[in-house]
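On a predicted model such as this, the values are computed, not experimentally measured, just so you know.
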Amino acid sequence: PRPGRLVGAAVACGMADFDCLAFFKEEISNENAAIKINAVNRINLIASALGPQRTVGELIPYVTTVVQQEPLCNDEEFLFQMAKQYAVLSDYVDGKDELLIPPLEHLAAQEETVIRDQAITSMCTVVAKQPKLAPDHLVPALHRLAMKSDFFTGRVSACALLPTVYRYANEDQKASLRKVYTTLCADDTPMVRRAAAQKMKDLVNVCEKADILTDLISVYRQLSQEDTQDTIRVACVHTTLVMAKILNAEENRQHTLSVIKSACEDRSWRVRLTVAKNFDQLCAAYGPEIMNTSLLPYFIQMMRDNEQEVRKEAVRVVEACLSLPAGSNPLTSEQLQQFILPQFQSLALDPAQPVRAALAQVLGPVAKVLGRDLTQQQLNPLIADLMKDEFHDVRLNIVSHAALICEVLSVDVLVQSLLGTILNLVMDNHWRIRQSVVEQVPKLAKLFGVDMFQAKLEVLFLSNLRDCVHSVRQSAIDNLKEIAETFGSQWTVEHLLPKLVEQYSQSASYANR
């Protein structure tokens, strides 16, 4: 009933004897938190009812004052909702959005993180609607936040606001903004340096290349050697992903390559993990020449890392690297043979189950690149072993690429080496593995042809229609259509349908029927 009061008040505002602004003031002064927050969230109704003139002249000044005065200045939920609603009010102020900047600036210096973050988000929303506000209003606000010495929170917000303000600032203001940023990067407070590092990639994205080389490279190198916080070094890796695309090969060798090399050997596993996770993006940014000559040995080193998470991600990213366009992919067939495949032998025996699961996930794409002969010689034993792995996720991942592996290998080789193992997985204890095998059957049917399908796969596939798990039965039913389309209508009518009718007529379970 309470939300209806505010809507009704807005409607009644057309009545001469009703003051909806007074009603709004009464609601946000209510001791009941739900009533107060509901009033804030419906402030757009009040603004709409008041009209632009009264909103600008009365409502905005009131809500600007109230967030700075007792008791509401200590109500964090109220301040958070107000930070959100200032951006909404920009639709009701008849273009006078500059009035919204001072209260948002005040909220951006609050102690509570979510209030600051929401205030920054609202400021960015307002300036995106009205870019002309940046030179005269946002730039001065950012300078004031960056100079706040009473508490570090204002300087943290200045870091968050800087990329957006820089984008819309005048050219003659950008040099001073870069200077502010370099000052924040050297701040005595660790939280400020961390905030500055985390926004560096966004700032680099809106800077000219010459300005990056002149003003930002030095702080980038400085932060990449930060001893006290690994999150700052992680942020520098993310910045490198952006910066390396902007700089040319020689500039990357001079400025960014050493940062990534150091990150690959960083004492913090989180930093090494970040490099491993994003190695495909580094390949795309640097190009194959730099990757092959400078970083591929470090990548191999991460495959042998002491931390299992790093090993897992280094293996998993191989598939993403193989998916890169030819000009960006450092992993050719020759390099796979020379550098990557030797690591697979030890990774297949890795004591960490997630590492073996990651290896199983990439063997299909690797086999596709290597071709039939090399796959048969070097990967077949690995594939067969992983299909029998005790950890079900390993078996699941390798089975999910069964059709791709079969496509690479000839049918004869497959029958001799892997088909028996695949068929055994149809009866696996874990239903997800049985379901994954069922999903591979239509692709295998196309490769085998009708005679081999009937001889090797049909009985086991149809048995999945009676599986005890619904998802497996449903998957088998869904894949029947594709098999029928592969072998044609005559085969379906004369061969498949009689078997289905026989199977379901003999079933005692209503669920199967």
request  = Examine the side chains of Arg116 and Thr153 and answer whether a donor and an acceptor come within less than 3.5 Å of each other.
outcome  = no
Polar side-chain atom of Arg54 near backbone of Leu59 as donor-acceptor pair, under 3.5 Å = no
request  = Measure the CD1-OH distance between Ile60 and Tyr86 for me, rounded to the nearest 0.5 Å.
outcome  = 7.0 Å
request  = Indicate yes or no: at least one non-hydrogen side-chain atom of Leu241 is less than 4.5 angstrom from one of Lys201.
outcome  = no
ask   = Is a side-chain donor or acceptor of Glu309 paired with a backbone partner of Leu273 at a separation under 3.5 angstrom?
value = no
key: Residues which pass salt bridge (Lys or Arg N to Asp or Glu O under 4.0 Å) with Glu171, listed by chain and number, not counting sequence neighbours   = Lys174
message = Going by side-chain hydrogen bond (donor to acceptor under 3.5 Å, both in side chains), name the pairs with one or both residues in residues 204-216, residues two or more places apart or in two chains.
response = Arg178-Asp211, Arg178-Asp215, Lys209-Glu251
message = Please determine whether side chain to side chain contact (heavy atoms under 4.5 Å, CB included) holds for the pair Ile405 and Leu379, giving the CA-CA distance in whole Å, both sets of side-chain angles, and the decisive distance to 0.1 Å.
response = CA-CA 10 Å; Ile405 294 168; Leu379 292 187; over 6 Å; no
ask   = Got a sec, which residues hit side-chain hydrogen bond (donor to acceptor under 3.5 Å, both in side chains) with Gln343, two or more places apart in sequence or on another chain?
value = Arg304
message = Nearest 0.5 Å, please: how far is CD in Gln85 from CD1 in Ile46?
response = 12.0 Å
query = Taking the side chain from Ser475 and the backbone from Ser471, do they hold a donor-acceptor pair closer than 3.5 Å?
reply = no
message = Is it the case that the side chain of Gln68 and the backbone of Thr64 share a donor-acceptor pair, with hydrogens and angles ignored and the cut-off at 3.5 Å?
response = yes
key: Residues in side chain to side chain contact (heavy atoms under 4.5 Å, CB included) contact with Gln198, at least two apart in sequence or another chain   = Arg194, Ala235
request  = Kindly determine whether Ser268 and Arg233 satisfy side chain to side chain donor-acceptor pair (under 3.5 Å), including the steps that lead there.
outcome  = CA-CA 9 Å; Ser268 168; Arg233 302 195 298 278; 4.6 Å; no
ask   = Taking only residues two or more places apart in sequence or in another chain, which ones pass side-chain hydrogen bond (donor to acceptor under 3.5 Å, both in side chains) with Gln81?
value = Glu77
ask   = Where is the tightest heavy-atom contact between Arg356 and Leu347, given as atom of each residue plus distance?
value = CG-O, 3.8 Å
inquiry  = What I'd like to find out is whether the side chain of Met291 reaches to under 4.5 Å of the side chain of Leu296, using heavy atoms alone.
reply    = no
ask   = Is the backbone of Thr332 close enough, under 3.5 Å, to the side chain of Gln335 for a donor and an acceptor to pair up by distance?
value = yes
task = For the pair Asn38 (side chain) and Ala34 (backbone), establish whether a donor and an acceptor sit closer than 3.5 Å, ignoring hydrogens and angles.
result = no
query = What residues, two or more places apart in sequence or in another chain, satisfy ring-ring contact (aromatic ring centres under 6.0 Å, His included) together with Phe299?
reply = Phe279
ask   = Rounded to the nearest 0.5 Å, how far does OH of Tyr92 lie from CG of Asp97?
value = 13.0 Å
ask   = Looking only at heavy atoms, what is the nearest atom pair of Ala352 and Asp350, with distance?
value = N-OD1, 2.8 Å
task = Write down the atom of His137, the atom of Ile101, and the distance for their closest heavy-atom approach.
result = O-CG2, 4.2 Å
inquiry  = Test of understanding: with side-chain hydrogen bond (donor to acceptor under 3.5 Å, both in side chains), list the residues that count as partners of Gln353, not counting sequence neighbours.
reply    = none
message = Quick one, Leu89 and Leu100 - any side-chain contact, counting heavy atoms below 4.5 Å?
response = yes
query = Do you know the tightest heavy-atom contact between Leu216 and Cys207?
reply = CD1-SG, 3.8 Å
query = Do Leu162 and Lys199 have side chains that get closer than 4.5 Å, going by heavy atoms?
reply = no
task = Evaluate the side-chain proximity of Val180 to Leu184: yes if any heavy-atom separation is below 4.5 Å, no if none is.
result = yes
query = Charged N to carboxylate O below 4.0 Å: is that the case for Arg272 and Glu307?
reply = no
request  = Output all residues satisfying salt bridge (Lys or Arg N to Asp or Glu O under 4.0 Å) with Glu226, sequence neighbours left out; order by chain, then residue number.
outcome  = Arg193
remark   = Which of Leu145, Leu138, Leu161 passes side-chain contact (heavy atoms from CB on, under 4.5 Å) with Glu105? Answer is Leu145
query = Does any pair with a residue in residues 236-247 pass side-chain hydrogen bond (donor to acceptor under 3.5 Å, both in side chains), and if so which ones, sequence neighbours excluded?
reply = Tyr220-Thr240
ask   = Any side-chain heavy atom of Tyr286 sitting closer than 4.5 Å to one from Ile260?
value = yes
query = Do other residues, nucleotides or ligands put more than 12 heavy atoms under 6.0 Å from the CG atom of Asn306?
reply = no
message = Treating Ser48 as the side-chain partner and Leu45 as the backbone partner, does any N or O pair qualify as donor plus acceptor under 3.5 Å?
response = no
ask   = Can you name the residues that form a side-chain hydrogen bond (donor to acceptor under 3.5 Å, both in side chains) with Glu289, not counting sequence neighbours?
value = Arg253
remark   = Residues Val63 and Phe24: closest non-hydrogen pair is CG1-CE2, 4.0 Å
ask   = So with a 6.0 Å cut-off around CG of Asn170, is the heavy-atom count from everything else above 12?
value = yes
query = Do Asn252 and Leu257 come within less than 4.5 Å of each other through their side chains, counting heavy atoms only?
reply = no
Show the atom names and distances, to 0.1 Å, of all donor-acceptor pairs under 3.5 Å that link a side chain in residues 122-135 to residues at least two apart or in another chain.
residue : atom : partner : partner atom : Å
Ser122  : OG   : Ala83   : O            : 2.5
Ser122  : OG   : Gln118  : O            : 3.2
Ser122  : OG   : Gln118  : NE2          : 3.4
Thr125  : OG1  : Thr121  : O            : 2.9
Lys129  : NZ   : Ser90   : OG           : 3.0
Lys129  : NZ   : Asp91   : OD1          : 3.1

inquiry  = Are the side chains of Lys36 and Asp75 in contact, using a 4.5 Å heavy-atom criterion?
reply    = yes
inquiry  = Under the rule for ring-ring contact (aromatic ring centres under 6.0 Å, His included), what residues qualify as partners of His143, not counting sequence neighbours?
reply    = none
note = Closest heavy-atom pair, Ala39 versus Glu27, reported as atoms and distance to 0.1 Å, is CB-CB, 3.6 Å
message = Assess the residue pair Ile28 and Ile37 against the criterion (side chain to side chain contact (heavy atoms under 4.5 Å, CB included)); give the C-alpha distance rounded to whole Å, side-chain angles, the decisive distance to 0.1 Å, and a yes or no.
response = CA-CA 7 Å; Ile28 66 171; Ile37 298 308; over 6 Å; no
